[in-house]
Amino acid sequence: MVTVIDILNILLPSLYALVFTVYTIDFVSDKRDLTSSKKLFLYSTVFIHLIYILLRTWNFNHAPITNKFELFTSIAFTISLAYFLLEILTKVRITGFFIIFVAFILQIFSSIFIENIYEVKEVLRNPLLGLHVISALLGHTSLIMSAIYGILFIILYNKIKQHNYGTIFNKLPNLELLEKMSFMSLLIGYIILSFSILIGAIWLPIAFPDFKHYDPKLISTIFIWIVYSSGIAAKIFFKWYGKKVIYLSLVGFIVLIFSMLVPIIFKTSFHNFQ
Amino acid sequence: MDLIGISMNFRTAPIELREALSLSSTEITEFVPLLKNDFLSSGYILSTCNRTEIFGFPKDKELAHHKIENFLINFKQVREIRDEHFSKFHSFEALNHVFRVASGLDSMMLGDSQIFGQVKNSFKLADDLEFSNPVLQRMFNSVIVAGKRAISETKIGEGATSISYAAVQLVEKIFSNLASKKVLVIGAGETSELVITHLKSKETKDITITNRTLAKAEELAQKYNLKVLDFSLLKEYLHEFDIILSATSSDLPLVLYSDMQNAMKKRKGNPVCITDIAIPRDFDSKVSKIENVFYNDIDSLNSIIESNLQKRKHEIPKVEKIIEHEMNELMKWYNSLGVVPTIKSLRNYFEDVRLDELKKIKNKIQESDYDKVEDMTRRLLGRLLGAPTAKLREISEKSSHSSEILTYSSVLKELYNLNGQSTKE
């Protein structure tokens with residue numbers, strides 16, 4: 001079983017590289033229609049990644065969410081799955097060039113550094129933690145997608161403003177759709193992440209009775225929540241459009257990445273499980 | 001194929017001459033019987049703003065192109081036209097030209113899809129006027145198949161190549177649902193009308209028009225079911241529109257930077273797409289600096305067109321491949337027309353010989369032996385004629401020149417005396 005997992009661990013970055021290459025060729029070249037190849041490679045990669053996640057969970061008796069490199073492969077999987085569903089729903093098949101790139105990078109790091117861990121700390125086996133991590137995972141995925149669509153919006157916005165009608169102009173979907181995709185992902189991510197924070201807040205005093213209220217993880221989490229809340233409020237109540245909301249969402253995303261690194265930077269944080 | 005053709009088009013003659021020689025459907029209806037009477041047994045006439053072409057099969061194989069040219073010039077009474085204003089085509093070149101025109105490769109705007117419909121109509125008119133024949137009808141079908149394939153299998157017709165359509169393409173890159181957007185058209189000229197037509201085809205419902213001369217705006221409003229805005233209220237209502245198209249002949253800018261700034265404040269930053277096709281421009285070009293204002297003038301639209309044309313140029317080899325394939329299929333069919341009667345005559349000749357010889361021995365042998373001989377001779381004939389028949393068909397299918405088929409057919413006819421002479425000794 002471990003051999004199969006190890007083979008899949010090596011195979012997955014190669015598959016993501018292949019999917020990314022096909023999407024790149026299709027994005028930059030007008031010569032051939034690669035829709036069928038894109039579908040074939042993406043669908044097979046998502047399926048094989050699902051098998052990999054299930055095999056790991058079954059063989060090591062825990063979901064791959066107990067350390068950052070396990071989380072990387074899980075996030076790569078949820079990103080690909082979310083993009084796969086988005087492609088089917090919207091029929092927009094061109095943005096995969098950007099989305100799959102993120103999944104590819106995460107999977108490379110995961111495949112290189114992931115370890116086969118059979119024993120995990122007792123605190124990590126708590127069902128509340130499982131709910132907290134899974135919702136955080138889905139929330140992060142949505143926010144990553146929102147950030148990518150946001151960046152694409154800004155690129156296309158600038159191209160149109162500069163009257164630069166090249167490949168980006170021709171290939172990307174329209175600004176309104178990009179903004180909508182970015183905001184919808186943001187909204188979904190915000191709701192799921194809020195739920196995750198809530199579960200974490202319930203679980204935290206039970207698991208760590210001596211936690212500190214000024215723990216960097218807590219402060220950064222509250223800050224992220226405030227930034228995203230402001231962006232959503234500005235969009236809904238003040239009818240902000242485009243760049244302003246997207247910049248706010250990107251600030252939230254940068255803080256989110258920083259927050260993920262908090263346990264590495266501040267070894268004293270309760271969120272450091274290693 | 002003895003197809004011949006003449007063409008006066010945008011490459012050979014200026015617009016004044018093309019206009020003068022252009023034929024309406026009524027004129028074609030009058031002209032075809034005269035043409036049929038003197039020069040062509042069958043054919044078709046295509047007449048658009050960019051070309052007037054006559055193609056067909058001549059009654060007299062020695063018919064010179066200039067006779068058709070002069071006949072047309074006399075019919076239209078245009079004396080300024082000379083021989084060099086026409087392109088002349090014969091045989092394979094003529095056929096290739098017909099395919100290229102229908103597929104948009106010969107159009108002034110490469111990949112123009114309008115020409116395909118015009119070619120189809122000209123074929124239909126030829127049919128209606130009983131000016132076509134089975135060979136021409138088969139050619140029409142092949143040309144239509146090639147044209148359709150060029151549109152569906154390649155990107156030769158993709159992307160805007162006119163200012164009015166480029167304006168719409170740009171709007172579609174900003175908004176996803178044009179049906180829910182409010183549009184303002186400033187000016188009631190030809191360009192405005194073209195843009196309105198394109199926007200209407202994209203399901204845009206809420207279009208308002210404003211013009212200095214109110215009557216002109218009202219005329220277009222009535223024609224396309226638009227709302228009308230009083231020209232003096234333009235600045236006051238500017239903020240209400242998501243898409244603004246301006247194409248007036250005003251010497252001074254109609255909308256200043258400050259006007260647009262005020263409008264954007266009222267719009268709370270919601271995006272607006274402004275397409276300014278006027279020369280001189282109707283908007284202060286500085287408005288493009290305002291956030292969420294997407295301002296485009298004629299130069300930026302031209303760069304969209306140029307980029308689309310470059311992409312279309314890359315598609316030419318694909319279309320040429322389609323044309324080559326469809327022309328080969330047509331030629332196979334056409335060449336088989338010449339070889340089929342020869343094969344039939346050859347088989348009839350051998351069958352007559354066989355029957356004649358059988359008749360001679362019928363009363364000299366027993367009936368059971370006769371049956372055996374009869375059977376044996378039939379098989380013998382099948383084997384003897386199988387190879388040459390297959391070879392003839394193969395030559396007819398592979399060869400693109402009817403003269404080669406004709407040579408083979410003539411030799412066979414000569415050798416076996418297939419021109420109606422008796423097989424009896």
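So you know, we letter chains A, B, ... as the sequences are listed, proteins then strands, and number each from 1. Source: prediction; values computed, not measured. Computation of the quantities below employed the complete heavy-atom set of this structure, encompassing side-chain atoms and omitting hydrogens, waters and symmetry-equivalent molecules.
With hydrogens and angles disregarded, no donor-acceptor distance shorter than 3.5 Å links the side chain of B:Ser103 to the backbone of B:Leu105. Between the B:Asp282 side chain and the B:Thr248 main chain, a donor and an acceptor come within less than 3.5 Å of each other. Remark: side-chain polar atoms of B:Arg312 are paired, donor with acceptor, to backbone N or O of B:Ile156 under 3.5 angstrom.
Contacts between A:Leu172 and chain B at a heavy-atom distance below 4.5 Å involve the backbone alone (N, CA, C, O). B:Asp299 does not touch chain A: none of its heavy atoms, backbone or side chain, sits under 4.5 Å away. Heavy atoms of B:Ser300 lying under 4.5 Å from chain A belong to its backbone as well as its side chain. Contact of A:Asn170 with chain B is made through backbone and side chain together, with heavy-atom distances under 4.5 Å. Contacts of B:Ile305 with chain A are absent, with no heavy-atom separation under 4.5 Å from either backbone or side chain.
In this structure, B:Asp106 does not pair ionically with B:Arg100, as no charged nitrogen and carboxylate oxygen lie closer than 4.0 Å.
Aromatic ring centres of A:Tyr23 and A:Phe101 lie farther apart than the 6.0 Å criterion allows.
For the residue pair B:Asn262 / B:Tyr257, no side-chain donor-acceptor distance below 3.5 Å is found, with atom types taken as modelled. Looking only at atom types and distance, the side chain of A:Ser185 has no donor-acceptor partner in the side chain of A:Ser146 under 3.5 Å away.
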Start with the C-alpha gap between B:Lys227 and B:Asp206, add the side-chain angles, then the distance that decides, and say whether salt bridge (Lys or Arg N to Asp or Glu O under 4.0 Å) holds. CA-CA 8 Å; B:Lys227 292 175 190 166; B:Asp206 195 343; 3.0 Å; yes

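Taking non-hydrogen atoms and a 4.5 Å limit, the residue list of residues 269-280 of chain B in contact with chain A, ordered by number, reads B:Gly269, B:Asn270, B:Pro271.
Between chain A and the options B:Asn308, B:Val293, B:Ile174, heavy-atom pairs under 4.5 Å are most frequent for B:Ile174. The candidate from B:Lys181, B:Lys268, B:Glu306, B:Lys289 with the greatest count of non-hydrogen atom pairs under 4.5 Å with chain A is B:Lys181.
Results of the salt bridge (charged side-chain N to carboxylate O under 4.0 Å, His left out) test with B:Arg149 over B:Glu326, B:Glu320, B:Glu329, B:Glu324 single out B:Glu326 as the only residue that passes.
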